[in-house]
Each structure stands twice: as structure tokens, then as C-alpha cells.
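For clarity, every value in this text was computed on a predicted model and none was experimentally measured. When a residue number appears, it is its place in the shown sequence, counting from 1.
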Amino acid sequence: MDFIGNDISGGTFTGTVIQAQNVHWGQAAPVRTPRMLLPEPEEFVDRAAPRARLDALLTGRDGRRAPRIVVITGIPGIGKTAVALRWLYDVRDDFPGGQFYADMSPQGPRSPIDPVSVLETFVGQLGTPREERPAGLAELSAYFRSLTADEPSLMLLDNVVVPAQVRPLLPGSPGSVVVVTSRNRLTGLSVTQPGPDYVTLDALDDDACAQLFGPVAEGGPDGGQALREVIRACAGLPLAVRIARVRAAEGAEALRELADELTDPQTVWEALSVADEIPYPKVLDVAYSGLDERAAAVWRMLGAHPTGEFAGDLVKRLGGDGRDGGKALRTLVHERLLEPSTAGRYRMNGLVHAYARRLLEDPPAASPGAASSGTATDVIIDWYLERAAAAEALVSDRWRFGSRFAPGGLPTAVFESEAAALDALEPDGENAAAVVALAARTGRDRLTCELAEALRGFFFRRKYHTRWIGVCEQALEAAGRLRDDLVLARMHYETAFALYDRAGDGDNDAARHHYERARTLAAGIGHARTASSALEGLGQLALREGRPHDAIALFRDATAALGDIEHPRGRALLEYHRGRAHSAAHDHAEAARLLLNARRLFAALTDRHDPAVPRPDRYNEARALTRYAEARLRADRPDEALAGLDEAMTLFPPRVAPKELADAVLLRGDALAASGEPEGARREWRVALETYTGIGSVKAAAVRLRLAARGVDGASADGS
């Protein structure tokens with residue numbers, strides 16, 4: 001028998017699978033309901049009119065044919081996001097489809113974020129395995145609409161720059177509401193049917209500003225005259241009022257001084273004016289002057305960060321780590337210059353962040369020892385590189401050229417495990433890509449390439465292809481400026497690998513081009529590892545394109561290219577690929593031999609820097625055994641396939657390779673069916689169906705077909 005099964009890979013499984021001899025039980029994770037909104041604002045005054053307008057827009061929602069779009073407009077610092085969040089928290093219970101959030105211009109209005117990156121995040125939040133996300137804007141947008149078609153949801157798109165950022169992100173349920181904040185009216189959205197509704201925020205009145213001041217508004221020796229002057233000077237901008245309150249809280253004398261400064265005709269316009277371009281309010285100068293030297297230095301250095309949202313640990317690093325860094329972070333939070341975002345993360349208002357950039361570029365004369373822009377940039381890049389390299393080292397023991405991967409280049413115990421490392425990097429995925437752009441923009445070409453190399457493991461495991469390929473393209477340009485053929489070859493290789501992994505329209509041809517360039521450059525300088533890796537990539541392309549005999553030849557050439565280099569992991573991978581190719585060519589005996597040998601080689605791996613330390617690759621061991629079982633099933637040897645699968649399922653790490661584990665369960669059902677054990681086969685298929693359904697995998701359909709073909713209702717995943 002020559003059994004042809006489905007080739008399934010990738011995915012995310014967050015439930016539990018238990019094995020006892022030949023009995024398996026899987027508990028699938030529930031379908032995810034996103035809860036992505038930022039924390040609800042603690043301080044909120046007035047805004048009764050815009051909130052009433054928002055409430056009125058909900059009427060008649062059930063009869064709509066498309067989601068309602070609400071555009072909240074106003075000048076920077078007027079409180080657009082706060083108004084949106086407070087209202088969304090009030091109405092969220094009426095939207096069972098969950099809440100989505102995205103900052104559409106985290107690097108400022110001149111660098112609007114690509115909607116594809118946002119869609120990848122949204123689809124991931126809904127539980128779709130990363131390996132199965134469609135490639136391309138149109139495909140992702142349509143897929144997202146299908147996932148959100150059944151239940152109405154809420155969405156907040158913050159700081160939108162152009163209408164084209166909004167249209168692809170609209171959810172599928174017509175009862176959904178999409179709130180957009182922007183500095184302009186985004187008139188281009190009027191072409192949507194129906195068009196958007198607009199809510200424009202005006203300045204707060206004096207009473208609301210006084211309420212926002214809190215206890216400070218309780219008069220004073222001059223009967224509250226100073227407070228009234230400050231409020232008028234703040235012009236109803238909530239940000240200006242909050243920052244002025246920091247200074248005013250020091251007492252009546254400070255309040256009087258602040259009023260004098262803000263009522264000076266020579267300074268008032270500069271202090272509180274907000275133009276179409278990002279302004280630099282004088283109120284921020286006052287807040288800056290009240291900081292201790294270290295907190296002020298950290299605020300300045302944050303001006304070099306490409307976005308206004310970052311990890312608290314980065315803020316501490318800028319402050320010198322340890323107690324000093326923690327104190328600087330607490331000071332900035334206390335002074336409301338930083339606001340908590342999500343767990344362990346903080347965000348800086350766009351005006352405050354712009355002011356930090358101004359301080360960094362032109363520090364006040366009273367700022368002794370002010371860090372230069374270059375120093376701040378180096379610290380920030382180093383922090384991201386350290387974490388990315390630590391995660392990459394846990395994902396794979398492959399060879400890399402960067403200095404971080406030389407012996408002693410990595411600090412110890414950055415992360416406890418591969419899964420912990422990937423989870424820790426997740427909130428900084430967009431920031432990491434922005435830091436690569438920062439390194440390239442500031443002429444740090446080698447660091448640009450090292451960042452691209454170090455981020456490979458994170459992007460590969462989490463499948464953020466848009467960011468990944470963008471990073472590689474910038475690194476390619478940087479490598480060209482370095483005039484270092486090894487670095488250039490590696491960046492061509494990294495770009496090819498990312499394109500191969502995405503596998504969208506035209507990606508195979510583009511990957512082939514970069515693999516060929518990597519091979520040519522590596523051969524020219526005699527770098528065997530890179531030449532071999534490029535040949536391996538070309539072999540994988542041939543196998544994907546249905547040319548197994550070409551693939552066999554390329555994998556053989558890749559092995560030969562290594563010569564006598566000690567590269568056990570590379571040889572194990574090539575053995576694995578050769579086994580796959582022979583299986584595709586129906587050379588079942590040779591496929592089995594190669595795949596079992598690949599498993600043995602993966603099991604025998606040791607640490608690259610210390611060969612005395614065993615470091616078996618369990619993930620690839622399990623993959624090799626699964627492919628071996630598939631080959632034996634094709635050879636009509638289901639008993640041997642079952643033995644291989646039983647062992648493979650003990651090796652897969654669930655948090656890292658849950659989909660592959662589900663694939664092995666499905667294949668085990670096929671082997672049982674071929675062995676004449678229909679009940680056992682149905683049991684395995686039901687377990688696989690539970691898993692696929694729980695993680696939102698399209699492979700669930702293939703399992704239902706198996707069950708239906710044998711007269712079993714596949715619509716129920718519980719086997720009842």
C-alpha cells in the first residue's frame with residue numbers, strides 16, 4: 001500500500017494531551033475572545049456631550065449592513081484615546097466578539113504602521129496558528145472578516161494617519177463598532193458605505209480643569225486667583241493641566257510662580273499652543289525642571305526610542321539598572337510622564353515623547369552630563385539585541401556571525417526557557433522592527449545586521465512575516481554598505497529563509513534569488529557553512545515544488561559543501577531533509593533509514609560552545625520520527641509507523657510545537673485505520689479534531705472528512 005496522507009505543520013495548542021499506552025486524551029483550549037484594550041483611564045472629567053453622542057450612535061446597530069465607524073478627532077493632547085477607552089469600557093458587555101486595539105502610528109505620524117502587521121496580530125489573538133495565517137493584505141483582511149462575522153466586536157484604532165489603514169481592518173459582523181482616533185477627519189473614509197460618524201473633542205471648560213486639578217483647586221492665599229490664571233493658560237488641554245498640576249502640588253507659592261510663567265505674553269503661546277505638527281509645550285519644560293537629575297536623563301534618553309511604548313526594564317536600563325533605574329521609572333510614572341500600558345510596560349504621550357526627543361537633541365544648559373543622542377541610541381539597541389540574541393540561542397544552536405553569539409557574548413539566565421523567551425519578546429515585536437530601522441537610519445550597519453540575525457528565531461517561531469521580511473530587507477541594504485561579503489551572504493540567506501517560510505505569491509522565486517546570491521558570495525570567500533545552508537534552502541524549494549530528485553541532489557551537494565567542518569546540527573538537518581525527499585520520491589526504505597539516522601543525530605547533539613554538555617534537539621527528534629512514521633505508512637507498514645509515532649509524541653514540547661503534536665495524533669489514527677482498528681482510529685481522529693478545533697486550525701476539515709467517510713459524525717469533537 002502506498003498511503004498518501006495530508007502534510008500538516010505549525011499551529012498553537014494551549015490545552016493538554018495525556019498519553020497512556022495507546023489511549024490519548026486532549027483538552028482543547030476555548031476559542032479566544034480578544035481583550036486588547038488598554039487599561040481604563042483612572043482620571044476622567046466632563047466629556048458628557050461626546051459620550052452622549054457616542055451612546056446615540058449605538059441605536060439601530062442591529063439593522064446595519066456594515067460595521068459602524070466612529071472617528072474621534074481633535075488636537076494632540078486633547079484626550080481622544082481617554083474618551084474612546086472610557087466609552088468602550090462602558091459598552092463592552094454588549095459586544096461578545098471581544099475588543100481589538102492597535103496603535104496605528106507608534107513611530108509618529110510620518111511612519112504609519114502597515115495594516116498587514118495589525119491583521120497578523122488580530123488573527124493571532126483570535127487563535128489562528130501562526131503557520132496558517134494567509135499572506136498578503138487582501139487575503140488577511142478577508143480571513144479576519146470571516147473570523148469576526150458571527151459576533152459583534154469593538155475595535156479601537158488609535159492615532160490613524162491615513163484612511164487606508166482603516167478599511168482592511170473592519171470586522172465582519174455588521175453589528176461591530178470601530179472607533180478611530182486621529183488628528184484629522186480622514187475624509188477619505190467617506191467612500192465607505194455607510195460613511196463614518198464624527199465626534200470632535202473640544203477643550204475642557206474651566207470647571208472641568210479645576211476638577212482635574214483635584215485637591216490643588218481648593219483656593220489659596222489669593223483666593224484661588226493663581227489657579228484660575230493657570231487654568232486659563234492651559235487652554236483646556238488635559239495633558240497640560242495634568243503636568244501643570246505636578247508643579248502646583250508643591251504648594252501655593254509654586255502655583256503662583258507657575259501662573260506667572262504661563263501668563264507671560266512672551267511664553268504663553270510657546271507653552272500651550274498645539275499646532276498641526278507635534279508641538280513642544282512650555283508646560284513640559286516646567287515638568288522637566290522639577291525632576292531629579294537621573295529621572296531627567298532617562299526622560300531625555302527615551303527620546304531616542306523609535307516609539308512611545310516600551311518595557312519598564314528598558315527604562316530601568318537607561319537609568320543604570322538596579323535601584324537607580326527603578327527609582328527613575330517610579331519618578332516618571334509618579335509625575336505622569338509615563339503611564340502604565342500592559343503588565344510591565346509603559347507608554348509616553350506623543351507630546352511628551354516629542355519633547356524628550358527635543359531635549360536629547362538640544363539639552364538645556366542646566367543638564368550636566370546629558371547623554372548624547374548616540375549614547376542613548378546605543379543603549380537602546382544593545383538592550384533589544386541582548387534579549388533577541390538570548391531568545392535566538394534558545395530556539396536554535398545554529399551558527400551565527402554576530403558578536404553576541406561568540407563564547408561569552410551572551411549574559412546567562414536571561415530567560416528560563418525557549419517558550420518564556422518567545423513570550424517575553426512578543427510585546428516588543430513591533431518595537432524590535434522599529435529599532436532595526438533606527439540602527440539602519442543612524443548608520444549602525446553591523447548592528448542592523450546583528451539585530452536581523454538575532455530576531456530570526458522569534459520571527460520564525462511566531463510567524464510575523466511582514467515585520468521579519470522588512471527587517472531582512474533593511475539588513476541587506478546595511479550589509480551592502482559594510483562591504484563584508486560574509487555579512488552580505490548571511491543577510492541574503494536570512495532574507496531567503498524568511499521568504500521561503502512565508503510562501504506567498506512570488507516568494508519562492510524571490511527566495512531562490514537570495515539563496516543563489518548567498519551561495520555565490522559564500523563560495524567566493526570559502527565560507528562552507530553559509531554555502532551549505534544556501535544549498536539546503538534550494539533543496540527545500542525543490543521539494544516544495546514537487547522535484548524530489550532535484551532536492552536529493554541539492555541536499556547531497558549541501559552535505560558535501562561542509563567538507564570536514566564539525567557541524568553536527570547541520571548534518572542532522574540535511575539527513576532529515578534527504579529522508580523527506582526520498583519519501584516524496586517513493587523510495588521508502590531509504591527514507592526510513594535516513595529519517596531514523598537523523599533522529600539519532602538530533603538526539604546526540606551537544607552545546608556548540610561546550611561539547612561536554614548534552615543538548616539534544618527534542619523538537620527535531622520528534623519531527624524526524626513523525627516523518628519516519630509517515631514514510632512507513634506509505635510503505636504499507638502501519639505497525640512500524642505506530643511505534644515511531646508513540647515515541648514522537650513523548651518528545652514534542654506542547655507549548656512550542658502543539659500543532660505538530662496534533663498532526664502526529666492524526667497520523668496515528670491513519671495508521672490504526674490501516675491496521676484494521678477502526679475504533680482506535682476514530683478515537684485518535686476525535687482527539688485530533690478537538691485540538692484542531694480548539695486552536696482554530698483549518699485542518700479540522702480534513703479530520704471531519706475522515707470521520708464522515710466512516711459514518712461518524714465529525715461535527716462533534718467530544719466523541720458523544
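Annotation for Ala498 and His465: closest pair O-CD2, 3.9 Å, computed over non-hydrogen atoms. The shortest heavy-atom contact between Ala622 and Leu651 is CB-CB, 3.8 Å. Minimum heavy-atom separation, Thr626 to Ala648: OG1-CB, 3.8 Å. Shown here for Ala475 and Met491, the closest heavy-atom pair between the two residues is CB-SD, 3.4 Å. Ala528 and Ala561 make their closest contact through CB-O, 3.4 Å (heavy atoms, listed as atom of the first residue, atom of the second, distance). Annotation for Leu119 and Ser141: closest pair CD1-N, 3.7 Å, computed over non-hydrogen atoms.
Here Phe460 and Phe497 bring their ring centres to under 6.0 angstrom of each other.
In this structure, Thr448 contributes its side chain and Arg444 its backbone to a donor-acceptor pair below 3.5 Å. No side-chain donor-acceptor contact under 3.5 Å links Arg578 to the backbone of Leu595. Here the side chain of Glu630 pairs no donor or acceptor atom with the backbone of Leu667 at under 3.5 angstrom. Although no hydrogens or angles enter the test, the distance criterion places a donor-acceptor pair under 3.5 Å between the side chain of Asp507 and the main chain of Gly504. A donor-acceptor contact shorter than 3.5 Å links the side chain of Thr559 to the backbone of Phe555. A donor-acceptor contact shorter than 3.5 Å links the side chain of Glu453 to the backbone of Phe401. Panel note: side chain Ser675, backbone Glu677; no donor-acceptor pair is recorded below 3.5 Å. The backbone N or O of Asn620 sits less than 3.5 Å from a side-chain atom of Asp617, completing a donor-acceptor pair. Within the 3.5 Å criterion, the main-chain N or O of Ala558 finds a donor-acceptor partner in the side chain of Ser532. Checked by atom type and distance alone, the side chain of Thr530 never pairs as donor or acceptor with a backbone atom of Ala522 at under 3.5 Å.
Side-chain contact check for His567 and Arg529: at least one donor-acceptor pair (N or O, by modelled atom type) lies under 3.5 Å. Between Ser583 and Arg634, the side chains place a donor N or O and an acceptor N or O closer than 3.5 Å (distance only, hydrogens not considered). Side-chain contact check for Arg580 and His577: at least one donor-acceptor pair (N or O, by modelled atom type) lies under 3.5 Å. Between the side chains of Tyr628 and Arg599, not a single donor N or O lies within less than 3.5 Å of an accepting N or O. Side-chain contact annotation: Thr495 with Glu473, donor-acceptor N/O pair under 3.5 Å absent.
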Q. Would Thr128 and Tyr143 count as a side chain to side chain donor-acceptor pair (under 3.5 Å) if you check the C-alpha gap in whole Å, the side-chain angles of each, and the deciding distance to 0.1 Å?
A. CA-CA 10 Å; Thr128 297; Tyr143 186 57; 3.1 Å; yes
Q.
Apply salt bridge (charged side-chain N to carboxylate O under 4.0 Å, His left out) to residues Arg668 and Asp646 and explain how you reach the verdict.
A. CA-CA 8 Å; Arg668 193 174 192 282; Asp646 286 345; 2.7 Å; yes
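Test Gln540, Arg519, Arg556 against Leu535 for side chain to side chain contact (heavy atoms under 4.5 Å, CB included) and you get one pass: Arg519. When Arg387, Arg456, Arg404, Arg400 are each tested for a side-chain hydrogen bond (donor to acceptor under 3.5 Å, both in side chains) with Glu392, only one passes: Arg400. No option in Arg462, Arg615, Arg461, Arg618 other than Arg461 meets the salt bridge (charged side-chain N to carboxylate O under 4.0 Å, His left out) test with Glu418.
If you take CZ on Arg706 and CZ on Arg686, they are separated by 14.5 Å, rounding to the nearest 0.5 Å. Note that CD of Glu516 is 9.5 Å distant from NE2 of His513, once rounded to the nearest 0.5 Å. Going from atom CD of Glu621 over to atom CD of Glu647 covers 8.0 Å, rounded to the nearest 0.5 Å. Atom CG of Leu601 sits about 10.5 Å away from atom CG of Leu574, to the nearest 0.5 Å. Expressed to the nearest 0.5 Å, how far CG of Asp423 lies from OG of Ser417 amounts to 8.0 Å. The structure places CZ of Phe602 at 10.5 Å from CG of Leu625, a figure rounded to the nearest 0.5 Å.
The aromatic rings of Phe458 and Tyr464 are tilted relative to each other, their planes meeting at an angle between 30° and 60°. Ring geometry for Trp468 versus Phe459: interplanar angle under 30°, hence parallel rather than tilted (30 to 60°). Taking the six-membered ring where the residue is Trp, Trp399 and His527 present tilted rings, their angle falling between 30° and 60°. Ring geometry, Phe122 versus Phe144: the interplanar angle falls from 30° to 60°, so the pair is classed tilted.
Environment of CG in Asp639: crowded, with over 12 heavy atoms of neighbouring residues, nucleotides or ligands closer than 6.0 Å.
Arg467 has no carboxylate O lying under 4.0 Å from a charged side-chain N of Asp114, or vice versa, which leaves the two without a salt bridge.
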